[in-house]
Amino acid sequence: MDLLPPQDASETVDAEQIGWIPLGPGESFRPLRFLPDGRGRVLLLRLEPGTVVPRHRHLGEVHAYNVAGQRKLLGTGEIVGPGGYVYEPPGNVDSWKAVGDVPVIVHIVSYGAMEYLGENGEVLRRDTASSLPDVYRRYCADHGLTPLNLGG
């Protein structure tokens with residue numbers, strides 16, 4: 001039994017073809033890949049200086065690599081700059097802020113759902129693995145764009 005994929009099965013995406021898709025004030029993303037069976041997503045996240053990612057919990061693991069700019073992890077005060085990598089285990093609760101004078105861009109691989117939390121830990125909103133593909137498709141439809149095949 002051959003477990004290797006066929007030659008030339010690689011799929012490429014020119015991220016520059018995808019504009020920055022707004023998620024909220026000062027926050028936008030570029031999807032790179034939606035994993036099969038709703039397992040997760042791969043994306044670039046961009047935050048304008050001063051923008052805060054509210055307190056949230058990931059139900060799966062997260063790998064985040066800073067491409068540009070700096071962000072401050074609000075729980076620890078640690079500053080993560082270009083080339084910095086942050087691993088978040090399942091169940092991790094955090095919040096962070098884009099600091100400095102330039103936008104922060106983070107390459108994120110995230111598995112499972114994410115829950116935004118209120119002051120008392122109550123779930124205010126839950127984003128599932130299908131939430132961002134829906135945002136992407138809606139953005140393309142609203143702007144007359146043909147969605148790229150990003151998996152899923």
Side-chain angles (χ1 to χ4, degrees), residues 10-140 142-143 145 147-152:
S10 300
E11 295 180 30
T12 62
V13 172
D14 180 358
E16 296 298 319
Q17 284 186 338
I18 304 169
W20 289 105
I21 300 169
L23 287 172
E27 184 178 9
S28 55
F29 81 108
R30 277 185 175 156
L32 300 175
R33 189 78 181 164
F34 300 117
L35 302 179
D37 302 321
R39 289 183 307 139
R41 54 232 170 253
V42 181
L43 57 95
L44 293 173
L45 183 66
R46 176 186 171 126
L47 269 67
E48 300 304 317
T51 303
V52 173
V53 173
R55 194 164 163 257
H56 60 280
R57 173 178 39 236
H58 290 279
L59 301 184
E61 64 183 28
V62 176
H63 303 268
Y65 177 81
N66 263 56
V67 176
Q70 295 184 325
R71 60 189 177 122
K72 180 177 183 178
L73 307 181
L74 297 180
T76 64
E78 182 178 4
I79 301 292
V80 181
Y85 167 80
V86 177
Y87 170 74
E88 299 177 29
N92 185 66
V93 174
D94 71 315
S95 177
W96 49 278
K97 177 180 181 176
V99 296
D101 297 330
V102 298
V104 62
I105 299 174
V106 184
H107 178 262
I108 297 175
V109 178
S110 178
Y111 298 93
M114 185 170 90
E115 299 173 330
Y116 289 93
L117 305 173
E119 289 186 26
N120 298 316
E122 70 276 16
V123 176
L124 301 176
R125 187 178 94 218
R126 182 183 176 122
D127 287 344
T128 65
S130 65
S131 299
L132 285 181
D134 290 344
V135 170
Y136 173 61
R137 285 189 291 272
R138 192 168 44 253
Y139 177 85
C140 289
D142 290 348
H143 291 84
L145 304 172
L148 300 176
N149 178 8
L150 300 177

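Keep in mind that the numbers below use all heavy atoms, side chains included, and drop hydrogens, waters and symmetry copies. Residue numbers run from 1 in the order of the sequence given.
Across all their heavy atoms, E48 and A98 have their closest contact at O-CB, 3.4 Å. For L148 against Y136, the heavy-atom pair with the smallest separation is N-OH, 2.8 Å. The two residues P22 and V135 come nearest to each other via the heavy atoms O-CG1, 4.5 Å. Closest approach of P82 and G69 over heavy atoms only: CD-O, 3.2 Å. Here the closest heavy-atom approach between residue G100 and residue P49 is recorded as O-CB, 3.3 Å.
Of the options R57, R125, R55, a salt bridge (charged side-chain N to carboxylate O under 4.0 Å, His left out) to E115 is made by R57 and by none of the others. Among E61, H58, E88, the one residue that satisfies the side-chain contact (heavy atoms from CB on, under 4.5 Å) test with S110 is H58.
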Pair H63, Y85 - check side-chain hydrogen bond (donor to acceptor under 3.5 Å, both in side chains), show working.
CA-CA 7 Å; H63 303 268; Y85 167 80; 2.5 Å; yes
Start with the C-alpha gap between R126 and L59, add the side-chain angles, then the distance that decides, and say whether side chain to side chain contact (heavy atoms under 4.5 Å, CB included) holds.
CA-CA 10 Å; R126 182 183 176 122; L59 301 184; 3.3 Å; yes
Evaluate side chain to side chain contact (heavy atoms under 4.5 Å, CB included) for V52 paired with L74, printing each intermediate quantity in order. CA-CA 9 Å; V52 173; L74 297 180; 4.1 Å; yes
**Message:** Evaluate L23 against L132 for side chain to side chain contact (heavy atoms under 4.5 Å, CB included), listing each step before the verdict.
**Reply:** CA-CA 9 Å; L23 287 172; L132 285 181; 3.8 Å; yes
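The backbone N or O of R39 lies less than 3.5 Å from no partner atom in the side chain of D37, so there is not a single donor-acceptor pair. Proximity of a side-chain donor or acceptor of R71 to a complementary backbone N or O of E78 within less than 3.5 Å is not detected.
Annotation: side chain of L45 is not in contact with side chain of R30 (no heavy-atom distance under 4.5 Å). At a threshold of 4.5 Å between non-hydrogen side-chain atoms, the residues L117 and L124 do not count as touching. Two residues are said to be in side-chain contact when any heavy atoms from C-beta on lie closer than 4.5 Å; V62 and V109 fail this criterion. Here the side chains of W96 and L47 are in contact, with some heavy-atom distance below 4.5 Å. Residues I21 and P31 form a side-chain contact, since some pair of their non-hydrogen atoms from C-beta on lies under 4.5 Å apart. The closest side-chain heavy-atom distance from W20 to L44 is below 4.5 Å. Contact annotation: the side chain of Y139 never approaches that of P147 to less than 4.5 Å [non-hydrogen atoms, C-beta and beyond]. Between V104 and N66 there is a side-chain heavy-atom pair separated by less than 4.5 Å.
Within 6.0 Å of the CD atom in E122, the count of heavy atoms belonging to other residues, nucleotides or ligands exceeds 12. Heavy-atom contacts from other residues, nucleotides or ligands closer than 6.0 Å to CG of D101 number 12 or fewer.
Taking the six-membered ring where tryptophan is involved, the planes of H56 and Y116 are tilted, since the angle between them lies from 30° to 60°.
Atoms CZ and CG, from F34 and L43 in turn, are 8.0 Å apart once rounded to the nearest 0.5 Å. Interatomic distance, CZ of R137 versus CG of L150, reported as 9.5 Å (0.5 Å rounding). Taken from CG in L32 to CD1 in I18, the straight-line distance is 6.5 Å, to the nearest 0.5 Å. Summarising the geometry, atom CG belonging to N149 is positioned 6.5 Å from atom CZ belonging to R33; distances are rounded to the nearest 0.5 Å.
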